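Reviewing the structure listed below.
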Amino acid sequence: MAVQPIDAGRPAPTRTAPNRPALAAADPELAALVDAEERLQADTLRLIPSENYVSAAVLEASGTVLQNKYSEGYPGKRYYEGQQVIDQVETLAVERAKALFRMDHANVQPYSGSPANLAVYLAFLEPGDSVLGMALPMGGHLTHGWGVSATGTWFRGLRYGVRRDTGRVDLDEVRDLARAERPKLIFCGGTAVPRTIDFEGFAEIAREVGAVLVADVAHIAGLIAGGAHPSPAPHADVVSTTTHKTLRGPRGAMLLTTAEHAKTIDRAVFPGLQGGPHNQTTAAIAVALKEAAEPDFAAYAHQVVANARALGDELAARGFDLVSGGTDNHLLLADLTSKGVSGKIAAKALDRAGIVVNHNTVPYDPRKPFDPSGIRIGTPALTSRGIGAAEMGTVAQWIGLVVDAARTGDESTVSKVREEVRTMMEAYPAPGLLPA
Ligand code: DSN
């Protein structure tokens with residue numbers, strides 16, 4: 001059975017009146033830009049794995065009077081009066097996060113994923129201490145100790161990768177590095193990891209060397225919440241996640257911990273790194289967590305994975321070289337070397353065709369990060385529109401045609417696909433947005 005789009009059954013917004021009348025009156029120039037972005041999100045096929053569509057309820061919660069408050073501190077222990085309501089909002093978010101991810105403690109205040117990870121360093125490391133994380137070009141994140149990030153500048157970044165032959169993390173490599181270097185912190189997870197993360201395996205290694213294990217589940221938090229990926233609980237000491245990717249909440253982040261590390265993490269977030277929390281975001285996180293606990297969300301999470309697998313099979317059948325041979329989750333990493341076109345040129349042609357992906361390095365990439373060999377493709381946003389596995393053949397066919405067209409300079413094929421994409425998007429209206 002097809003998965004229902006979020007907001008299914010809600011009356012569709014119409015273009016008869018401006019959606020944001022106050023903004024349209026006060027600043028028509030800016031209002032027009034927001035309208036244009038809304039149309040773009042409505043009539044393109046968005047395949048960036050870290051993007052999604054939030055529900056109308058999350059959108060409403062993130063634009064409320066809660067934005068007018070300062071609330072430094074935590075519920076019951078604030079540095080400002082007038083927190084009677086805000087304390088309840090934050091407590092709701094915290095309790096929902098703890099229940100959904102089965103962790104003892106949740107801090108919902110980090111402004112986004114990078115500050116959340118920086119708070120983890122502040123909590124557990126001194127400058128110069130070692131951190132072991134996945135190398136950025138292998139699928140890791142900047143904040144896992146990569147050189148150009150503060151985390152690789154102020155701390156000693158050690159890196160594991162993926163095996164050249166399998167495209168998968170090799171826990172023997174991780175263990176050897178951990179035994180040799182004794183890092184204080186180990187990160188698992190990343191931004192371009194198409195395979196299941198073995199939290200238990202990482203935890204055994206972390207325990208052996210006395211490191212704190214941080215599971216950065218930003219990409220897969222929604223899959224974990226929906227039961228479509230194993231949980232980092234009870235294996236990780238700290239779970240770091242953004243709230244806006246597969247989890248389908250507002251732009252924000254959370255740190256979840258065992259009871260042992262609760263105070264240390266709270267102190268690191270505030271007053272260590274941040275000032276007042278963004279209460280309007282906290283409210284929207286609470287709404288997203290409520291939605292993520294519902295049965296519809298589990299169906300969505302499983303469909304995200306089913307769509308990614310189906311799309312991977314269809315792309316492989318069209319000669320695409322997928323890192324690790326496919327996917328277990330919401331994303332695919334395609335190495336376009338055999339297609340004779342760079343990731344950037346392909347991504348730009350796909351964008352002209354209304355198919356939005358990002359160019360991405362592939363493991364052992366001989367090309368530079370700004371014009372790498374690969375593209376990264378994800379299925380969360382299309383799944384939120386209600387698009388199912390039956391459509392993945394068409395999507396793969398479009399990607400194949402446009403990648404070939406990028407090589408040959410065939411702009412008429414790009415334009416033809418653009419029209420077909422528009423037609424499919426009309427059949428699956430984007431949640432909460434005005435029609436294109
Ligand atoms: N920028 C995010 C992504 O696209 O994966 C990671 O921070």
Side-chain angles (χ1 to χ4, degrees), residues 41 44-54 110-121 131 133-152 157 159 162 169 187-197 214-224 229 232 238-255 273 281 285 288 304-305 308 323-324 327-334 343-344 346-348 350-351 355-363 365 369-372 374-384:
Q41 291 189 22
T44 53
L45 179 62
R46 300 171 60 232
L47 298 179
I48 305 271
S50 46
E51 291 186 354
N52 215 328
Y53 296 95
V54 296
Y111 298 143
S112 200
S114 296
N117 285 348
L118 208 48
V120 174
Y121 286 82
V131 53
M134 192 179 209
L136 182 69
M138 296 280 181
H141 191 257
L142 277 168
T143 57
H144 297 182
W146 193 246
V148 295
S149 146
T151 63
R159 286 120 204 183
V162 293
V169 170
F187 272 92
C188 58
T191 60
V193 181
R195 294 296 178 177
T196 300
I197 299 167
V214 188
D216 186 338
V217 301
H219 265 259
I220 52 172
L223 306 185
I224 293 165
H229 187 289
V238 178
V239 176
S240 172
T241 185
T242 51
T243 45
H244 47 268
K245 298 185 173 101
T246 49
L247 190 56
R248 214 159 60 181
R251 299 292 305 233
M254 305 188 292
L255 288 168
L273 197 64
T281 300
I285 289 174
V304 167
V305 176
V323 170
S324 84
T327 184
D328 297 327
N329 55 34
H330 64 302
L331 78 79
L332 297 150
L333 196 53
K344 190 169 182 177
K348 288 202 171 296
L350 285 162
D351 196 31
I355 299 171
V356 189
V357 301
N358 64 278
H359 58 79
N360 214 97
T361 53
V362 294
D365 203 327
F370 204 61
D371 188 11
I375 52 174
R376 196 179 61 150
I377 303 168
T379 52
L382 68 81
T383 306
S384 293

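Counting starts at 1 for both ligands and their atoms, in listed order. Treat the numbers as computed from the prediction; the structure is a model and nothing was measured.
- Residues passing the side chain to side chain contact (heavy atoms under 4.5 Å, CB included) test with Val54, sequence neighbours excluded: Val58, Leu59.
- Take His244 and apply the ring pair (Phe, Tyr, Trp, His ring centres under 6.0 Å) test, not counting sequence neighbours, and it matches no residue.
- Annotation: ligand 1 has protein neighbours Ser50, His141, Thr191, His219, Lys245, Arg376, each with a heavy atom less than 4.0 angstrom from the ligand.
- A donor-acceptor pair under 3.5 Å is absent between the side-chain atoms of Asp216 and the main chain of Gly190, judged by distance alone.
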With side chain to side chain contact (heavy atoms under 4.5 Å, CB included) as the test, would you mind laying out the steps for Asn117 and His144 before giving the verdict?
-> CA-CA 8 Å; Asn117 285 348; His144 297 182; 3.8 Å; yes
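- Shown here are the side-chain hydrogen bond (donor to acceptor under 3.5 Å, both in side chains) partners of Arg195, two or more places apart in sequence or in another chain: Ser324, Asp328.
- Without hydrogens or angle criteria, Thr44 side chain to Ile355 main chain gives no donor-acceptor distance under 3.5 Å.
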